[in-house]
Trainee: 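Okay, here's the structure, questions in a sec.
These numbers come from a predicted model, not from an experiment. Chain identifiers are assigned alphabetically (A, B, ...) following the order of the sequence lines, protein sequences preceding nucleic acid strands; residue numbering begins at 1 within each chain.
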2 protein chains.
Amino acid sequence: MVQLRNTKQRKILLEILQSTDTHPGADWLYQKMRQEMPQVSLGTIYRNLNILREQGLIRELNGCGSQSRFDGILTPHGHFYCLGCGEVHDIPNTRPTPLEEDVKANLDDYLLSEVEVSAYGYCPRCKEHACLEITKKGEK
Amino acid sequence: MVQLRNTKQRKILLEILQSTDTHPGADWLYQKMRQEMPQVSLGTIYRNLNILREQGLIRELNGCGSQSRFDGILTPHGHFYCLGCGEVHDIPNTRPTPLEEDVKANLDDYLLSEVEVSAYGYCPRCKEHACLEITKKGEK
DNA sequence: GTACATGCAAATTATTTGCAACAGG
DNA sequence: CCTGTTGCAAATAATTTGCATGTAC
């Protein structure tokens with residue numbers, strides 16, 4: 001492996017990710033980064049997202065739409081993907097240990113590194129005015 | 001909604017998906033389709049995958065890599081994503097009911113439509129010769 | 001000073017879409 | 001027939017990459 005450097009860009013990116021629970025995508029992070037570093041490039045965002053993921057400092061979420069989303073909060077929790085507005089909400093600590101052991105029991109010869117719980121549906125707001133236009137937008 | 005037609009292309013695509021547990025991507029399905037229908041186009045594959053998903057006849061998996069994968073087997077089960085070879089294996093029926101209720105308990109005002117369990121790690125074969133070249137290929 | 005990182009722009013990959021011709025009901 | 005569907009090719013969207021320059025250590 002290479003000797004990673006602690007660049008300003010990487011540091012700020014990680015701080016942003018650790019300070020939000022909105023599970024943003026690369027474009028949102030790009031806009032946010034530019035507030036502090038107007039010259040930053042989208043390529044740098046993507047390169048650092050990959051590095052931080054490989055380091056295990058952030059998590060990538062692929063459950064919703066064509067864009068990847070990222071999570072800088074590593075305490076165990078599941079994710080709810082709203083099919084209406086596309087938002088991703090945390091599911092607080094859904095008894096992680098029993099679940100993982102349950103999965104492990106089914107995967108004898110496997111080397112298990114992580115178990116994820118994803119839920120799909122409509123968030124309280126979208127459940128209310130659950131109209132078809134909205135449904136279209138976030139469909140999986 | 002529109003009045004869907006039962007085209008030969010759509011019928012074959014669904015049959016292929018229902019007869020495999022390899023969770024193929026669009027390109028694999030395209031090759032397979034061309035064995036029975038050499039003139040079929042990739043656009044048709046994608047259009048029908050979207051229609052079948054909207055009808056609830058197949059499921060889309062986004063956990064692994066940049067390509068979507070599809071599952072034509074709807075009995076409840078989880079998925080294991082090998083970080084080595086990129087294969088997706090089924091996790092036989094991981095006590096679905098307790099889990100879903102557990103998640104539901106955390107999502108009071110939500111309208112829940114589906115809960116998914118995904119596991120990541122290395123399959124028996126990749127665990128053996130867990131070398132770095134292989135690791136590279138399937139990394140998330 | 002030596003790599004790793006960056007900014008920029010061009011390239012790649014997966015997926016979607018416009019359109020004229022085709023075909024299911 | 002009427003309208004959803006197809007094949008084809010061009011368009012889009014997300015992400016990656018090549019390269020000269022910049023910067024962390």
Side-chain angles (χ1 to χ4, degrees), chain A residues 1-17 23-55 57-70 86 88 136-140, chain B residues 1-14 16-17 23-55 57-58 60-70 86 88 136-140:
Chain A
M1 204 189 290
V2 288
Q3 176 57 33
L4 294 181
R5 283 176 192 168
N6 214 351
T7 57
K8 202 178 174 189
Q9 288 84 338
R10 191 171 301 155
K11 218 179 303 179
I12 296 180
L13 182 62
L14 182 56
E15 281 168 12
I16 294 177
L17 270 169
H23 316 87
D27 58 346
W28 187 94
L29 289 164
Y30 177 50
Q31 302 304 335
K32 193 81 174 176
M33 278 287 281
R34 295 219 293 182
Q35 293 173 10
E36 303 195 42
M37 268 197 130
Q39 359 60 355
V40 78
S41 80
L42 195 50
T44 295
I45 306 288
Y46 276 109
R47 269 184 292 234
N48 280 306
L49 285 172
N50 282 331
I51 289 172
L52 292 171
R53 174 171 44 67
E54 282 159 23
Q55 301 295 109
L57 295 170
I58 64 174
R59 203 149 286 178
E60 183 177 353
L61 307 179
N62 284 105
C64 198
S66 48
Q67 253 196 91
S68 280
R69 287 160 160 271
F70 297 87
V88 182
K136 179 105 184 88
K137 200 170 113 195
E139 78 197 358
K140 199 187 160 188
Chain B
M1 202 190 291
V2 287
Q3 175 57 34
L4 293 180
R5 281 176 193 169
N6 215 351
T7 58
K8 202 177 174 192
Q9 288 86 337
R10 190 171 301 155
K11 217 179 303 177
I12 296 179
L13 182 62
L14 182 56
I16 294 177
L17 269 169
H23 315 87
D27 57 346
W28 187 93
L29 289 164
Y30 178 48
Q31 302 305 334
K32 193 79 175 178
M33 278 287 281
R34 295 220 293 182
Q35 293 174 10
E36 304 195 40
M37 268 198 130
Q39 0 57 0
V40 78
S41 81
L42 195 50
T44 295
I45 306 289
Y46 276 108
R47 268 186 292 235
N48 280 307
L49 285 171
N50 282 332
I51 289 172
L52 292 171
R53 174 172 42 69
E54 282 158 23
Q55 300 295 108
L57 295 171
I58 64 174
E60 183 177 355
L61 307 179
N62 284 104
C64 199
S66 48
Q67 254 195 88
S68 280
R69 287 159 159 271
F70 296 88
V88 182
K136 178 104 184 88
K137 199 171 114 194
E139 77 197 0
K140 199 189 161 188

Trainee: Please output the side-chain donor-acceptor pairs of residues 31-40 of chain B that fall under 3.5 Å, not counting sequence neighbours, one pair per line with the distance.
Mentor:
| from | atom 1 | to | atom 2 | distance (Å) |
| --- | --- | --- | --- | --- |
| B/Arg34 | NH1 | B/Tyr30 | OH | 3.3 |

Trainee: Give a yes-or-no answer on whether the side chains of A/Asn50 and A/Arg53 include a donor-acceptor pair shorter than 3.5 Å.
Mentor: yes
Trainee: For the pair made of CE in B/Met37 and C1' in D/dT5, what is the distance, rounded to whole Å?
Mentor: 11 Å
Trainee: Nearest-Å distance, CZ (A/Arg10) to P (C/dG7)?
Mentor: 12 Å
Trainee: From CD of A/Gln55 over to C1' of C/dC4, roughly how many Å is that when rounded to an integer?
Mentor: 13 Å
Trainee: State which residues pass side chain to side chain contact (heavy atoms under 4.5 Å, CB included) with B/Ile51; sequence neighbours excluded, sorted by chain then number.
Mentor: B/Leu4, B/Arg10, B/Asn48, B/Gln55
Trainee: Indicate the atoms forming the closest heavy-atom contact of A/Glu60 with A/Ser68, along with that distance.
Mentor: OE2-OG, 2.6 Å
Trainee: Using five pairs at each end of the helix from C/dG1-D/dC25 to C/dG25-D/dC1 to define an axis, what is the angle between those two axes, to 10°?
Mentor: 50°
Trainee: Are B/Leu17 and B/Pro24 close enough that some pair of their side-chain heavy atoms sits under 4.5 Å apart?
Mentor: yes
Trainee: Base contacts versus sugar-phosphate-only contacts with protein, heavy atoms under 4.0 Å: please encode nucleotides 15-25 of chain C as B, S and - from 5' to 3'.
Mentor: BBBB----BBS
Trainee: Do any side-chain nitrogens or oxygens of A/Gln39 fall under 4.0 Å of OP1 or OP2 in D/dG22?
Mentor: no
Trainee: Could you tell me the separation between the CG atom of B/Asn62 and the C1' atom of D/dA13, rounded to a whole number of Å?
Mentor: 15 Å
Trainee: In whole Å, I'd like the distance from the CH2 atom of B/Trp28 to the P atom of C/dT13.
Mentor: 22 Å
Trainee: Rounded to the nearest 0.5 Å, how far apart are OH of A/Tyr46 and CG of A/Leu29?
Mentor: 9.5 Å
Trainee: Please lay out, stage by stage, how A/Ile16 and A/Trp28 fare under the test side-chain contact (heavy atoms from CB on, under 4.5 Å).
Mentor: CA-CA 11 Å; A/Ile16 294 177; A/Trp28 187 94; 4.0 Å; yes
Trainee: With sequence neighbours left out, write down each residue that passes side chain to side chain donor-acceptor pair (under 3.5 Å) with B/Thr44, or none if nothing qualifies.
Mentor: B/Ser41
Trainee: In whole angstrom, what separates A/Ile12's CD1 from D/dT23's P?
Mentor: 14 Å
Trainee: How many angstroms lie between CG in A/Leu49 and CG in A/Leu14, if you round to the nearest 0.5 Å?
Mentor: 10.0 Å
Trainee: Which whole-number value in Å describes the distance from A/Tyr30 OH to D/dA13 P?
Mentor: 16 Å
Trainee: Rounded to the Å, how far apart are B/Ile45 CD1 and C/dT13 C1'?
Mentor: 18 Å
